[in-house]
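All remarks here apply to the structure that follows.
Worth saying up front: this structure is predicted, and the values here are computed from it rather than measured. Each chain gets a letter, A, B and so on, in the order its sequence line appears, and its residues count up from 1. Just so you know, these numbers use all the heavy atoms, side chains as well, and skip hydrogens, waters and symmetry mates.
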2 protein chains.
Amino acid sequence: MNSDEAIPTISDAEWEVMKVLWDTPGSNAPEVHARLQDRRTWKIRTVQTLLGRLVQKGALGFEKNGREYLYHPLFDAETCRRAASNSFISRVFDGRLAPFLATFVESTELSAEEIDELKRLLDEGQEK
Amino acid sequence: MNSDEAIPTISDAEWEVMKVLWDTPGSNAPEVHARLQDRRTWKIRTVQTLLGRLVQKGALGFEKNGREYLYHPLFDAETCRRAASNSFISRVFDGRLAPFLATFVESTELSAEEIDELKRLLDEGQEK
DNA sequence: TAAAACTGATTACATTCGTAAACCAAGCCC
DNA sequence: GGGCTTGGTTTACGAATGTAATCAGTTTTA
């Protein structure tokens, strides 16, 4: 799994494809297409275009297996999510996490259970 | 301040302009340009284009003052940030906030002070 | 009052993105 | 063995984005 190279920028539509391949790496285009059925109404051509672009960007790799291509992520999900999060927080919240979290807390979009879970997470972080 | 209408989608570059106008609403193009000097090397033409697009999108309004236009946001910052955050979290984290926060906690990108602040925020949310 | 300076409007142009259709090669079916 | 099916490659095309240059109107200035 690559970790040194610059993490490519992944577009909205491309995220869906990446998520499928993190879940089941080594899928070919029809398989990815099938696994997106419930969320997106994309034609298989659309999925192939996205796969091709992700390969070009260096986000995906593939091996040929006979005439089919088996795609797999070149970066793990954590790495990509972290990069996207940092970029988002810095763009919208000037890099400050607290105001971001405050947005959710104040708008009561969090259940009591979620709040507990988040507090537990923070506790764990503090112990390290 | 508008709050009923659909919140427009604001692009990366446009966020910078919005942030200036939330800070000092009623600025004209040259003023916005000046306030961006430290962060961006945009020409004033670029800033004017962004202002125009934001007006078109319904994110900004303006009044004429003689020959100059004074721009002001039509949505408050909280509203826009919340919309952007929801969209981001649902795109990248399938709508679940905990994994997002875990990303930051695990990567030790948070100082002890920040963790304390976040916990305090969560406590406040819980009291409501 | 004619030129200079300031401000906004219109037009431009290359990239990226969303969404494919068209085209082509390799197996498979009869 | 010549289509039909399946899988991938190339090309397309409009909207959004980043980044302006040019044009035009107004006010100030020499």
Side-chain angles (χ1 to χ4, degrees), chain A residues 6-21 24 26-37 39-72 80 84 87-88 90-92, chain B residues 6-21 26-37 39-72 80 83-84 87-88 90-92:
Chain A
I7 296 143
T9 303
I10 297 168
S11 80
D12 289 22
E14 289 162 0
W15 270 102
E16 291 296 338
V17 172
M18 291 302 288
K19 284 192 268 190
V20 167
L21 285 165
T24 51
S27 306
N28 66 2
E31 282 162 359
V32 173
H33 179 235
R35 308 219 35 230
L36 285 167
Q37 281 310 300
R39 271 159 294 172
R40 303 293 177 132
T41 59
W42 292 332
K43 300 287 158 68
I44 178 119
R45 302 303 167 207
T46 303
V47 174
Q48 281 173 328
T49 298
L50 294 172
L51 287 167
R53 286 181 186 167
L54 285 165
V55 168
Q56 271 194 330
K57 288 184 179 185
L60 293 179
F62 64 86
E63 319 95 52
K64 287 194 174 187
N65 177 18
R67 65 176 178 142
E68 63 179 4
Y69 285 25
L70 304 182
Y71 298 90
H72 57 87
C80 290
S87 150
F88 173 77
S90 86
R91 171 160 29 96
V92 174
Chain B
I7 297 141
T9 303
I10 296 167
S11 81
D12 288 21
E14 289 162 1
W15 270 103
E16 291 297 340
V17 173
M18 291 302 289
K19 283 192 270 191
V20 167
L21 286 166
S27 305
N28 67 1
E31 282 162 359
V32 172
H33 179 236
R35 307 222 31 231
L36 286 168
Q37 282 310 300
R39 270 158 296 172
R40 304 292 178 131
T41 60
W42 292 332
K43 301 285 159 68
I44 180 135
R45 303 302 167 210
T46 302
V47 174
Q48 281 173 328
T49 298
L50 294 172
L51 287 168
R53 286 181 185 166
L54 285 164
V55 168
Q56 269 194 330
K57 289 185 177 186
L60 293 180
F62 63 87
E63 320 93 53
K64 288 193 174 185
N65 177 16
R67 64 177 177 140
E68 65 181 0
Y69 284 25
L70 305 181
Y71 297 90
H72 57 86
C80 290
S87 151
F88 173 77
S90 85
R91 171 161 26 98
V92 174

In terms of the nearest nucleotide of DNA chain C, which residue is placed more toward the 5' end: A/Lys43 or B/Gln48? B/Gln48
Any N or O donor-acceptor pair under 3.5 Å from the base of C/dT19 to the side chain of A/Arg53? yes
Rounded to the nearest 0.5 angstrom, the CH2-CG distance for B/Trp15 and B/Leu54 is 10.5 Å
Less than 4.0 angstrom from a charged side-chain N to a carboxylate O is my criterion; do B/Arg53 and B/Glu14 meet it? no
Polar pair under 3.5 Å, donor/acceptor by atom type, side chain B/Arg45, base D/dT22: yes
Starting from C1' on D/dG18, measure out to CH2 on B/Trp15 and report it in whole angstrom. 18 Å
Rounded distance (Å) that lies between atom P of D/dG8 and atom CD of A/Glu31: 9 Å
Roughly what angle, to 10°, lies between the helix axis at the start of the helix from C/dT1-D/dA30 to C/dC30-D/dG1 and the one at its end, five pairs per end? 30°
For A/Ser11, answer base if it contacts any base atom (sugar-phosphate contacts may also be present), sugar-phosphate if it contacts only those atoms, and nothing otherwise; contact means non-hydrogen atoms under 4.0 Å. sugar-phosphate
DNA chain D: 5'-proximal contact among A/Ile44 and B/Ile10 (nearest heavy atom): A/Ile44
When rounded to whole Å, the CG to P distance for the pair A/Leu51 and C/dA20 reads 15 Å
Taking the side chain as every heavy atom from C-beta outward, state whether A/Gln48 and A/Val32 have any pair of such atoms under 4.5 Å apart. no
Below 4.0 Å: OP1/OP2 of C/dA20 and any side-chain N or O of A/Thr46: yes
Are A/Ser27 and A/Arg35 close enough that a side-chain donor and a side-chain acceptor fall under 3.5 Å? no
Atom NE2 of B/His33 and atom C1' of C/dG8: how far apart are they, to the nearest Å? 15 Å
May I ask you to decide if B/Asn28's main-chain N or O and B/Glu31's side chain share a donor-acceptor pair within less than 3.5 Å? yes
Just by modelled atom types, is the B/Arg45 backbone N or O under 3.5 Å from a matching donor or acceptor in the B/Thr49 side chain? yes
Tell me: CD of A/Glu16 to C1' of C/dG18, nearest whole Å? 13 Å
At under 4.0 Å, does any side-chain N or O of A/Lys57 touch on OP1 or OP2 of C/dC17? yes
Which residues within residues 59-68 of chain A lie with some heavy atom under 4.0 Å of an atom in DNA chain D? A/Arg67, A/Glu68
In whole angstrom, give the distance that lies between atom CD of A/Gln56 and atom P of C/dC17. 11 Å
Spacing of B/Leu50 atom CG relative to C/dG8 atom C1', expressed in whole Å: 14 Å
If you only use heavy atoms from C-beta on, which nucleotide in C/dC17, D/dA20, C/dA20 is closest to the side chain of A/Thr49? C/dA20
Side-chain contact test, heavy atoms from C-beta onward, threshold under 4.5 Å: evaluate it for A/Val17 versus A/Trp42 and give yes or no. yes
Any side-chain heavy atom of A/Val55 within less than 4.5 Å of one from A/Phe62? yes
Give the nucleotide from the list C/dT7, D/dA20, D/dG8 with an atom nearest to the side chain of A/Asn28. D/dG8
Compare the minimum distances between each of D/dG8, C/dG18, D/dA21 and the side chain of A/Pro30, then state the nucleotide with the smallest one. D/dG8
Can you figure out which of C/dT7, D/dG18, C/dC17 approaches the side chain of A/Glu14 most closely? C/dC17
Regarding A/His72 and A/Glu63, is there a side-chain donor-to-acceptor distance under 3.5 Å anywhere? yes
Could you check which of C/dT19, D/dT19, C/dA9 has an atom nearest any side-chain atom of B/Tyr69? C/dA9
Is the side chain of A/Asn65 donor-acceptor paired with the backbone N or O of A/Glu68 at a distance under 3.5 Å, no angle test? no
